[in-house]
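Just so we're on the same page: letters track the sequence lines, and every chain starts at 1. The structure presented is a predicted model; accordingly, all values stated were derived computationally and were not measured.
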Amino acid sequence: MSNAREAILGALRQGLRGTAVPPLPPLRERTLPSEQHLATFTSMLTRVGGTVDVVADLAAARARLATLLAEADAQTVACSDAPELRDLLPAAVRTLPHDAPRDALLAADCGLTSAQFGIAETGTLVLCSGDERHRLASLLPARHVCLLPRSRLCGTLAEVLAAVHRDGPPRSRTITFVTGPSRTADIELTLVVGVHGPKFLHVLLLDDAR
Amino acid sequence: MVQGVEPMRPETLAQNVRDALRDPVLTGALRRATDTFAQRRQGAVGSIPDWEELRTQAAAIKAHTLARLDHFLEQFVQRAEAAGTVVHWARDAAEACAIVQQLAERCGATRLVKSKSMATEEIHLNAALATSGREPVETDLGEWIIQLAGETPSHIIVPAIHKTKEAIGQLFVDKLGVPASSEPAVLAEHARQRLRAHFAAADLGISGVNFGVAETGSILVLENEGNARMTTTLPRVHVAVMGIEKVIPRARDLDVFLRLLPRSGTGQHLTTYQSLLTGPDPAGQGPRELHVVLLDNGRSRIAADERMRSTLACIRCGACLNACPVYQSIGGHAYGSVYPGPIGAILTPQLQGLPAAGKLPFASSLCGACKDVCPVKIDIPSLLLELRARAVASGNAGSGGRLEKLVWRLWSWCERSPRRHRVAMALARFGARMPFAAKLLPPLRAWASSREVPKPNGKSFRATYRGDGDAR
């Protein structure tokens, strides 16, 4: 419908001709002191129903993950293709690859991914689809466990937006911001956690700071 | 299943309002909902020290963008197409529906899922697709409930706000054959299970767009439930319907709008999920095709109207609904349009025209609460007054027009002579002392039926001034 395109743009051009254009305000920087990142991230994510465990190294992450899965009685885990996750899962669970059939992923007890950024001010995980195949593993299973290296934790959304657009176009075709487990208040404004997305969100914060 | 809302007939507004005010369940639910949201908003806004600066910044970004909308739209389209998005243009609702319909036919889609979107409500997309047996399944919990019930949304953010949990429980018993429950968590779990089957099978996903980024050609979709992620991830093809006013210049402007929108709407610091999508993303486990339908449907006309242009700055947060004493009492259905509340009262008459919706700008007390809470500082009361003036000038203000003109002419005749003024004032004081007078006179009866008739002072100002009074 190229004539629709011309009609709409033509109407706008004609209608806006000679109109005064107020200036576009400059972008504003917003930062959060780095010593506050960890505490703020933890408190913000906890507020919306997520959990955060700081783990000293991959061995500690593996132990904590095993406990989480055992407590949830999770039998099947969908795992993204992030290399650091490869040796994290206990041998007892059934592992589904990131490209497993959707029915299997929908029925999985848990999804395991990493995240490319964390945002402290809101307790948010940032998933970039070009870096990792985690779109399905972070969404379809009932529970999402995410390994977030502390070095990827930023202060603010403004910083992350700047970082993912450093080269102009976005870093990935899909960038998903996740702040807590899925929720709804559509029935009489009563909060229900876990409607379409994961019902639980656990972050394993890997303390890789030197 | 869902019927499109009819363009409002001028005479229906008063009847709608009477019906709404007589419904105790509705008025109770509305009061609870709007109070809760207003409180949550207050708390969330209080957590940001630079709230007013943010509003000013957002209003300035929108004012700049709308004044150069042609430029930013072209930039958006160029970058989106470069990323592999297929962009379609629709002058009106019929064209937009036809585009989605043809797209569904071309890719052989029979199972459609949809996440919540005001633009698709505006064009009555579901009804259009239903004519070829392709009605999408609504996947937002509130929208799904409304669809099952065959009703229409009553609130921008909480579409089923007018339904009690008991009514929803009974609806699920009737339509899904599940055991009776009025527990929201149980009802949400039923929705989760039912809709997962739809997500798994869907071949076309339909969503709206909260923001389109001109410099990258990206679209951003906000939500809490995860249904929009499902809808924009699982089907082979994703089509997003976007009003042309949704474009913003820079990706980093999202920081401003994402700090304002969730806080204003639900009182959250951030909604649970934001999906920033730039072109199709099969390598990243996403759809093979991404289509964006750019919808005009009256917007280019509003953009050209300098006095009314800021109407298009709206980011659909719903704060003005929750703050509005009229909306709090009558709810969304009474407005008879897809966009209710103060924003609806200025947007609908401009989208549908004054003959169809010229009475809506009068459904306001002009108290200004909407203006105070608007995150993009739309001066809704001024826009309401402008539309009222236009409605009166074009004879679309409703039945009061001729009588009102006569009364004002009489008033002006009285005021042109001191003696006539004195006589008129004396008559008015006498008349107003008869408490039954206002209830009996037909033109005053409607006004007095829900208001207290003010009692005049015993003595006029002029009499006091002349010294009959003993103030000193």
Contact class of B:I168 relative to chain A, heavy atoms under 4.5 angstrom: side chain
Write down the atom of A:P25, the atom of B:R250, and the distance for their closest heavy-atom approach. O-NH2, 2.8 Å
Side chain from CB out, backbone as N, CA, C, O: work out which of these in A:P23 comes under 4.5 Å of a heavy atom of chain B, or both, or neither. backbone
Which donor-acceptor pairs under 3.5 Å do the side chains of residues 93-106 of chain A make with protein atoms, sequence neighbours left out?
unit_1	atom_1	unit_2	atom_2	d
A:R102	NH1	B:L234	O	2.5

Closest contact, heavy atoms only, B:T272 versus A:G180: CG2-O, 3.4 Å
side-chain hydrogen bond (donor to acceptor under 3.5 Å, both in side chains) between A:S182 and B:R192, intermediate numbers included: CA-CA 11 Å; A:S182 148; B:R192 180 182 175 93; 5.5 Å; no
Can you tell me if A:S138 and B:R229 form a side-chain donor-acceptor pair at under 3.5 Å? yes
Given that the side chain runs from C-beta out, which part of A:T122 has a heavy atom under 4.5 Å from chain B: side chain, backbone, both or neither? side chain
Proximity breakdown for B:A283 and chain A, heavy-atom pairs closer than 4.5 Å: backbone
Tell me, side chain or backbone of B:E189 under 4.5 Å from chain A's heavy atoms, or both, or neither? side chain
Is A:E132 close to chain B through its backbone or its side chain, or both, or neither, when contacts mean heavy atoms under 4.5 Å? neither
On a heavy-atom basis, which atom in B:A67 and which in A:L16 lie closest, and how many Å separate them? O-CD1, 3.7 Å
Residues B:T216 and A:G168: closest non-hydrogen pair is CG2-O, 4.0 Å
At a heavy-atom separation under 4.5 Å, does A:V178 approach chain B through its side chain, its backbone, both, or neither? both
Highest number of heavy-atom pairs under 4.5 Å with chain B among A:L125, A:V192, A:T124 belongs to A:V192
So, does B:Q57 use its side chain to make a donor-acceptor pair with the main chain of A:P26 at under 3.5 Å? yes
Under 4.5 Å to a heavy atom of chain A? For B:T164 that would be both
Hey, mind stepping through B:L290 and A:R173 against side chain to side chain contact (heavy atoms under 4.5 Å, CB included) and telling me if it holds? CA-CA 11 Å; B:L290 172 60; A:R173 288 183 163 247; over 6 Å; no
Counting only non-hydrogen atoms closer than 4.5 Å, does B:V256 touch chain A with its backbone (N, CA, C, O), its side chain (CB onward), both, or neither? neither
Does atom CD (A:E84) have a neighbourhood of more than 12 heavy atoms from anything else shown, all under 6.0 Å? yes
Looking at every non-hydrogen atom in both residues, tell me the closest pair between B:A33 and A:L189 and how far apart they are. CA-CD1, 3.3 Å
Output the distance between atom CG (B:D255) and atom CG (A:L161), rounded to the nearest 0.5 Å. 6.0 Å
Can you tell me which portion of A:R47 sits under 4.5 Å from chain B's heavy atoms? Options are side chain, backbone, both or neither. side chain
More than 12 heavy atoms of other residues, nucleotides or ligands under 6.0 Å from CD of B:E81: yes or no? yes
Sort A:V195 into side chain, backbone, both or neither according to what part of it lies under 4.5 angstrom from a heavy atom of chain B. both
Please classify the contact between B:D253 and chain A as side chain, backbone, both or neither, with a heavy-atom cut-off of under 4.5 Å. both
I'd like to know if B:D50 pairs up with A:R30 as an ion pair, taking the criterion as any Lys NZ or Arg NE/NH1/NH2 lying under 4.0 Å from an Asp or Glu carboxylate oxygen. no
Between B:L276 and A:T174, does a side chain to side chain contact (heavy atoms under 4.5 Å, CB included) hold up when you go through it step by step? CA-CA 6 Å; B:L276 184 63; A:T174 305; over 6 Å; no
What's the separation between atom OG in B:S182 and atom CD in A:E188, rounded to the nearest 0.5 Å? 8.5 Å
Any donor and acceptor pair, going by atom type alone, linking the side chain of A:R183 with main-chain N or O of B:T271 inside 3.5 Å? no
Value rounded to 0.5 Å, distance of CD in B:Q285 from CG in A:D81: 7.5 Å
Under 4.5 Å from a heavy atom of chain B, the part of A:L201 involved: neither
Under 3.5 Å donor-acceptor, B:R91 side chain and A:I8 backbone: no
Cut-off 4.5 Å, heavy atoms of chain B, and the answer for A:T156 is neither
Which pairs pass ring pair (Phe, Tyr, Trp, His ring centres under 6.0 Å) with one or both residues in residues 159-201 of chain A, sequence neighbours excluded? A:H196-B:F199
